[in-house]
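This structure is a prediction, so every number in the text was calculated from the model and none was measured.
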Amino acid sequence: MDERYNPTKIEQKWQKAWEDAQLFKVELDPAKPKYYLMEMFPYPSGKIHMGHVRNYTIGDVVARYKKMKGHNVLHPMGWDAFGMPAENAAIANNSHPATWTYENIDYMRTQLKRLGFSYDWDREIATCRPDYYRWEQWLFLKMYEKGMAYRKEAYVNWCEPCQTVLANEQVEAGMCWRCGKPVQQKKLWQWFFRITDYAEDLLAHCDQLPGWPDKVTTMQKNWIGRSQGAEINFPVENSDTVIAVFTTRHDTVFGATFMCLAPEHPLVSQLARGTGQEAAIDAFIERISRQDRSSKALESYEKEGVFTGAYCINPMNGRRMPVYAANFALMEYGTGAVMSVPAHDQRDFDFAKKYGLDIVVVIDRPGDPLNASQMTEAYTEDGVMVHSDSFDGLANRDAMEQIADQLEARGIGRRAISFRLRDWGISRQRYWGAPIPVIHCPDCGIVAVPEQDLPIVLPEDVGLLDGGRSPLPGLDRFTRTTCPRCASPEARRETDTMDTFVESSWYFERYCSPHCDHAMFEREAVDYWMPVDQYIGGVEHAILHLLYSRYFTRVLRDTGLVQFKEPFTRLLTQGMVCKETMTCPEHGFLFPEQVRETDRGMACTLCGKAVVPGRVEKMSKSKRNVVDPNILLDQYGADTTRLFCLFAAPPERDLEWSDQGVDGSARFLNRVWRLAYDWHPRVAVVKPYDGRPDELEGDLRELYKKSHQVIDKVTRDIEDRFHFNTAISAVMELVNQMYGIDDTDRPQAAEVMRHALESAVLLLSPIVPHFAEEIWHNLGHGQSILLAPWPDFRQDALIQDEATIVVQVNGKLRSRFTASMGTGEDILKQAALTDEKVLKFIEGKTVRKIFVVPDKLVNIVV
RNA sequence: GCCUGGGUGGCGGAAUUGGUAGACGCAAGGGACUUAAAAUCCCUCGGUGUAAUACACCGUGCCGGUUCGAUUCCGGCCCCAGGCACCA
């Protein structure tokens, strides 16, 4: 055994040995229990960053642990390879998105290999390859056939000077990030998936995912946002038109005094016609259409609206209600129309105050009646119905049912359920994505590409146009085609590509049989491996990616391709790795090397201006606050890097990056190494002690018991809660105790030490596999440690003889003493009451009560 | 703004079911070894008071509550992070 721990040497050696032995290759094996472990695949952005290292280290530990526990473990890796950054990089470097992407994949693969992760690389996939996305196109056709994919008009961010669609990320304070000109909203025909068909089912099953964190299912439930209420029809005055409204508060319908329509509601222009309000309405719609339409922006706008000039009639009481176009009414939610009840809704109240509209109380506060003219805010609590005809006097909750009955009986409305969830818009007017496989024919309209013509390959020998515009619409050899139905030569291909979330919604099925060339996947492989037993990834994907994946699995099931509807049995959402950003007033986000220290603080090396330390945010390329793990790998090696990532924090917690502490992890491995080296001559020639602890004496018995306790602790930490940080500290305690063992030649010392050392190495092996493998082999084992069984602990070694009893007086710690385990309550009470230190606090006082927690604590109340 | 989390020493964190707050580690300070450095080993290390290692008080973002007892449960607030539908 080498005297010094040399990470570079042993990591290269074992990585090669594992590869030669195909240690991570996995095949379908019905004889073994399967375990499908998957981490979220990376976007090939250039280099692996610390967030990846953390994510994949967590996964690798679980994979190796499960393998040692005897499972047949599928642990794959791939690349989420389509997306916008590749286009941006191509523009910046005057190259092609594909070149950039494939180069990044090659580089990042070597980085992952250098970290020693146990992936079956034969299963690697990249979503930008036609052999992957052809099956996505195939599924799109199935969905189109079944009406699950459809087209409708929707808004996009549009930059007129650049003539291009912008992603939300490319809009900075309402301006185009390239040219700085204002961004407009433009309506385009786009493709959607009907995820709302599954809203009810996706919601209901949130409660049947016990292996998911509650916070994620809660977020998903709120995102889907089921509301129970009523749809009510309000006839427009002097017209056949009816405005349909969805409300959850139909108990307040008698208090509806005006109507608000979303600015893009089709009735807005129609109603304004001939009222003299056309100009005002047009101006309002025009102005709103220029605003950012993201929900966070919409929520921040001041409530405002414009009268359409039209009135509608409240069908319950005949009240004449002015109809407004208002910016807080959302076309995507409900029917796009809001019956406004200012007395009982705060937004409506603010709006009524602003425009001088009537406020009518219809639910009164019990015991303290409301006066509409004196209200300063809406009353949204429960109460008693007033000004509501025959419903007066009822509790509003009861009235809700009766009003719904009456709406249905009179045919002016019905009970209804509305969801916040909207259909999934998948069209992207971008180049670097999977082409949507449809053809536009002047005679037949939309025609699906015949299955045998798939894949529709993205042409690669093209460049991006000015401003990052997709070259596809102008690329004749791509767009020109003949109609598959009528053979018209005027037919044109769809030039929109699919949202990259589509690729990541089914890649876990593809991993089961990644080379399958006659279907999305081999049925047998998916039936064996799926669902994923454990999925691990960033909490930032808690809603969209996970919801889309759950939706896609339902689509696959209803297409008869799989038999389950939830893709991930257990989910671990790891916290983000964050770091402070550096911002220069002139150059924006700076790389650390662009910042230098001066007497007056940080300065930008480009312009010398003072740098503002920014906020601590998720590491991201665009914020220039990523840490390159290569520096750690060069300096410390893979095992120390892995160890440190896990030791720094429990996985679900956010981690603010700091280099401090890495030394400690390296030091620990060196300590273990030295211990193994020093004891090597003696432990290598004996078997690990395997007897009862009470046959040992003193420090050897304590060490032996400690080994078993640590095996128990580490196993529970990994199995139950993935708390590797506490697992590691438990092993550190064991190692510290091993250092305390006296080096004389007591016959059992070497055996007990061997047991302790083997235990420590086995427990550490999923975390620091190269390191553990080397010591394992030096102890005389011929096979990889990954093939060794996970250590067991013996119950009789966990038994403690004595307990420390804490004595409190009035809940404050005053003394402590030791007692043998299982000492009776009366004896403990007596011991506490006669304790010298305790006497000081109870002398002259009346003891009122004594609480005893056996083997733990006595609390004396005086 | 809305939804979801989080806030514990100088720092990362521990306390798993309401029962000893600060395990394990980092940094810092002191010491040993060494010609020296590195490495290693030992000691101290939440705050305040005091001659003190003994002792007392305070202390888990802030305010209040429940309880014999609260980092843990409840109510209100502050701050930070993530998501908010075209970043992935």
Seminar exercise, completed: Rounded to whole Å, CG of N88(A) lies from C1' of C86(B) at a distance of 13 Å

For this session: Please tell me if the side chains of E172(A) and V183(A) come closer than 4.5 Å, counting only heavy atoms from C-beta onward.
Result: no

For this session: Could you tell me whether V861(A) contacts a base, only the sugar-phosphate backbone, or nothing, with contacts defined as non-hydrogen atoms closer than 4.0 Å?
Result: sugar-phosphate

Problem set entry | side-chain contact (heavy atoms from CB on, under 4.5 Å) between Y150(A) and W191(A), intermediate numbers included | CA-CA 6 Å; Y150(A) 68 99; W191(A) 287 96; 5.5 Å; no

Exercise. So does R428(A) get a side-chain nitrogen or oxygen closer than 4.0 Å to the phosphate oxygens (OP1/OP2) of C86(B)?
Worked result: yes

Problem set entry | Presence of R667(A) side-chain N/O under 4.0 Å of A27(B) phosphate oxygens OP1/OP2 | yes

Problem set entry | Residue L544(A), side-chain heavy atoms: nucleotide from A15(B), C3(B), A88(B) that is nearest | A88(B)

Problem set entry | Contact summary for F351(A) and E304(A), nearest pair of heavy atoms | CE1-C, 3.6 Å

Exercise. Base, sugar-phosphate, or nothing: which does I728(A) touch, judged by heavy atoms less than 4.0 Å apart?
Worked result: nothing

For this session: Return no unless some side-chain N or O of R671(A) is found under 4.0 Å from OP1 or OP2 of C41(B).
Result: yes

Problem set entry | Ring-ring centroid check W424(A) Y548(A), cutoff 6.0 Å | yes

Exercise. When we call it a touch if two heavy atoms are under 4.0 Å apart, what does K837(A) touch: a base, just sugar-phosphate, or nothing?
Worked result: sugar-phosphate

Exercise. Which of residues 39-48 of chain A sit near RNA chain B, with a heavy atom under 4.0 Å from it?
Worked result: Y43(A)

For this session: Tell me what F841(A) touches on the nucleic acid: a base, only sugar-phosphate, or nothing, going by heavy atoms under 4.0 Å.
Result: sugar-phosphate

Problem set entry | Earlier contact from the 5' end, RNA chain B, for I543(A) and R816(A) | R816(A)

Problem set entry | Spacing of CG belonging to L188(A) relative to CZ belonging to R151(A), to within rounding of 0.5 Å | 10.0 Å

Exercise. Which is it for R428(A) and M498(A) under the side-chain contact (heavy atoms from CB on, under 4.5 Å) test, yes or no, and what are the steps along the way?
Worked result: CA-CA 6 Å; R428(A) 298 292 180 268; M498(A) 282 190 252; over 6 Å; no

Problem set entry | Atom-to-atom span, CD1 of I426(A) to C1' of C87(B) - whole angstrom | 18 Å

Problem set entry | R814(A) side chain near C57(B) phosphate (N/O to OP1/OP2, under 4.0 Å) | yes

Problem set entry | Contact nearer the 5' end of RNA chain B, comparing Y739(A) with L166(A) | Y739(A)

For this session: Look at all strands and tell whether N168(A) reaches a base, only sugar-phosphate, or nothing, counting heavy atoms closer than 4.0 Å.
Result: sugar-phosphate

Problem set entry | Sugar-phosphate, base or nothing in reach of D717(A), heavy atoms under 4.0 Å | base

For this session: Considering only atom P, compute the distance from U40(B) to A27(B) and round it to an integer number of Å.
Result: 10 Å

Problem set entry | Parallel, tilted or perpendicular: ring planes of F501(A) versus H545(A), cut at 30 and 60 degrees | parallel

Exercise. Looking only at atom C1', what distance separates U71(B) and G82(B), rounded to whole Å?
Worked result: 24 Å

Exercise. Is any side-chain N or O of K221(A) under 3.5 Å from a base N or O of U4(B), one able to act as donor and the other as acceptor?
Worked result: no

Seminar exercise, completed: Dot-bracket for RNA chain B, 5' to 3', Watson-Crick and G-U pairs with both distances under 3.5 Å, [ ] for crossing pairs, | for partner on another strand, reads (((((((..(((......[....))).(((((.......))))).((((.....))))..(((((..]....))))))))))))....

For this session: Would you confirm whether the ring centroid of F724(A) sits within less than 6.0 angstrom of the ring centroid of F647(A)?
Result: no

Exercise. Between A88(B) and T500(A), is there an OP1 or OP2 to side-chain N/O distance shorter than 4.0 Å?
Worked result: yes

Exercise. Which one of R716(A), E652(A), K713(A) satisfies the side chain to side chain contact (heavy atoms under 4.5 Å, CB included) criterion with H723(A)?
Worked result: E652(A)

Exercise. Between N810(A) and G69(B), does any side-chain N or O lie under 4.0 Å from OP1 or OP2?
Worked result: no

For this session: Please confirm whether the backbone N or O of D496(A) pairs with a side-chain atom of E494(A), one donor and one acceptor, at under 3.5 Å?
Result: yes

Problem set entry | Sugar-phosphate only, base, or nothing, as touched by Q190(A) at under 4.0 Å among non-hydrogen atoms | base

Exercise. Should K812(A) be listed as having a side-chain N or O under 4.0 Å from OP1 or OP2 of C58(B)?
Worked result: yes

Problem set entry | N736(A) side chain near G25(B) phosphate (N/O to OP1/OP2, under 4.0 Å) | yes

Exercise. Which part of the nucleic acid, if any, lies within reach of K856(A) when heavy atoms closer than 4.0 Å are counted: base, sugar-phosphate only, or nothing?
Worked result: sugar-phosphate

Exercise. When all nucleic acid strands are considered with a 4.0 Å heavy-atom cut-off, which category describes Q429(A): base, sugar-phosphate, or nothing?
Worked result: base

Between the protein and nucleotides 10-12 of chain B, list the N/O to N/O atom pairs that are separated by less than 3.5 angstrom.
residue, atom, partner, partner atom, Å
G12(B), O2', A648(A), O, 2.3

Exercise. Between A85(B), C87(B), C86(B), which nucleotide gets closest to the side-chain atoms of M84(A)?
Worked result: C87(B)

For this session: With P as the reference atom in both, quote the distance from U16(B) to G22(B) in angstrom, rounded to an integer.
Result: 13 Å

Problem set entry | Pairwise C1' distance for G69(B) and A52(B), with rounding to whole Å | 31 Å

Exercise. Rounded to the nearest 0.5 Å, what separation is found between the OG1 atom of T497(A) and the CZ atom of R430(A)?
Worked result: 7.5 Å

For this session: With side-chain contact (heavy atoms from CB on, under 4.5 Å) as the test, would you mind laying out the steps for I850(A) and L833(A) before giving the verdict?
Result: CA-CA 10 Å; I850(A) 303 177; L833(A) 286 169; 3.8 Å; yes

Problem set entry | A14(B) and U8(B), which share atom name C1', separated by this distance in whole Å | 10 Å

For this session: Please report the closest heavy-atom contact between R54(A) and P650(A), naming both atoms and the distance.
Result: NH2-O, 3.0 Å

Exercise. Taking atom C1' in both A88(B) and C77(B), what distance in whole Å separates the two?
Worked result: 35 Å

Exercise. Given the side-chain rings of Y133(A) and F82(A), with only the six-membered ring counted for Trp, is the space between their centroids under 6.0 Å?
Worked result: yes

Exercise. Base, sugar-phosphate alone, or nothing: which one does F501(A) contact when heavy atoms must sit under 4.0 Å apart?
Worked result: base

For this session: Determine whether any donor atom in the side chain of R848(A) lies under 3.5 Å from an acceptor atom in the base of C68(B), or the reverse, and answer yes or no.
Result: no

Exercise. For E733(A), which contact category applies under a 4.0 Å heavy-atom criterion: base, sugar-phosphate, or nothing?
Worked result: sugar-phosphate

For this session: First locate atom SG of C645(A), then atom CG of L655(A), and finally report the distance between them rounded to the nearest 0.5 Å.
Result: 7.5 Å

Problem set entry | Euclidean distance for C1', G46(B) against U60(B) (whole angstrom) | 11 Å

Exercise. Which part of the nucleic acid does G538(A) contact within heavy-atom distance under 4.0 Å: base, sugar-phosphate only, or nothing?
Worked result: nothing

Seminar exercise, completed: Syn within 90° of 0, anti beyond: G9(B) is syn

For this session: Under 4.0 Å between any heavy atoms, over every strand shown, what does H545(A) touch: base, sugar-phosphate, or nothing? Just pick one.
Result: nothing

For this session: Select base, sugar-phosphate, or nothing to describe what V156(A) touches, counting heavy atoms under 4.0 Å on all strands.
Result: base

Problem set entry | Distance, C1' atom - from A36(B) to U50(B), rounded to whole angstrom | 43 Å

Problem set entry | Check: W506(A) ring centre within less than 6.0 Å of Y132(A) ring centre | yes

